[in-house]
Amino acid sequence: MNSFAVHAGSLFDGFTASGPATVYITDHRIVRVDRTGALPTDGRSVINLGSQACLLPGLIDSHTHLSFDAGPDP
């Protein structure tokens, strides 16, 4: 099982912004969001993005060009 956490100075969930937050990820899925600013105590590795970063958990880039090929042969 691949588990880690991402910590940053703020978080925006699409509705509200909050202060320091930690997003817990297990097997490529968000399993928990902690808005208290606490770091994990279960021994999992933490990617700390710093106090100036803002997490946007679940954000999907829906502006894509699926028919565009950027290869050398047009």
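The residues of the chain are indexed from 1 along the displayed sequence.
Smallest separation of non-hydrogen atoms from Ala17 and Phe12: N-CD1, 3.9 Å. Minimum interatomic distance between Tyr24 and Pro40 (heavy atoms only, all atoms of both residues): OH-CA, 3.4 Å. The two atoms that bring Ala8 and Ala53 nearest to each other are CB-O, 3.6 Å, heavy atoms only. The minimum heavy-atom distance linking Phe15 with Asp13 is given by the pair N-OD1, 2.8 Å.
Rounded to the nearest 0.5 Å, atoms CZ (Arg29) and CG (Asn2) are 13.5 Å apart. A distance of 10.5 Å separates CZ of Arg44 from OG1 of Thr22, quoted to the nearest 0.5 Å.
Looking only at distances, a side-chain donor or acceptor of His7 sits under 3.5 Å from a matching main-chain atom of Ala21.
Other residues sharing the hydrophobic cluster of Leu11, ordered by chain and number and joined by side-chain separations under 4.5 Å: Phe4, Val6, Val23, Ile25, Ile30, Val33, Ile47, Leu49, Leu55.
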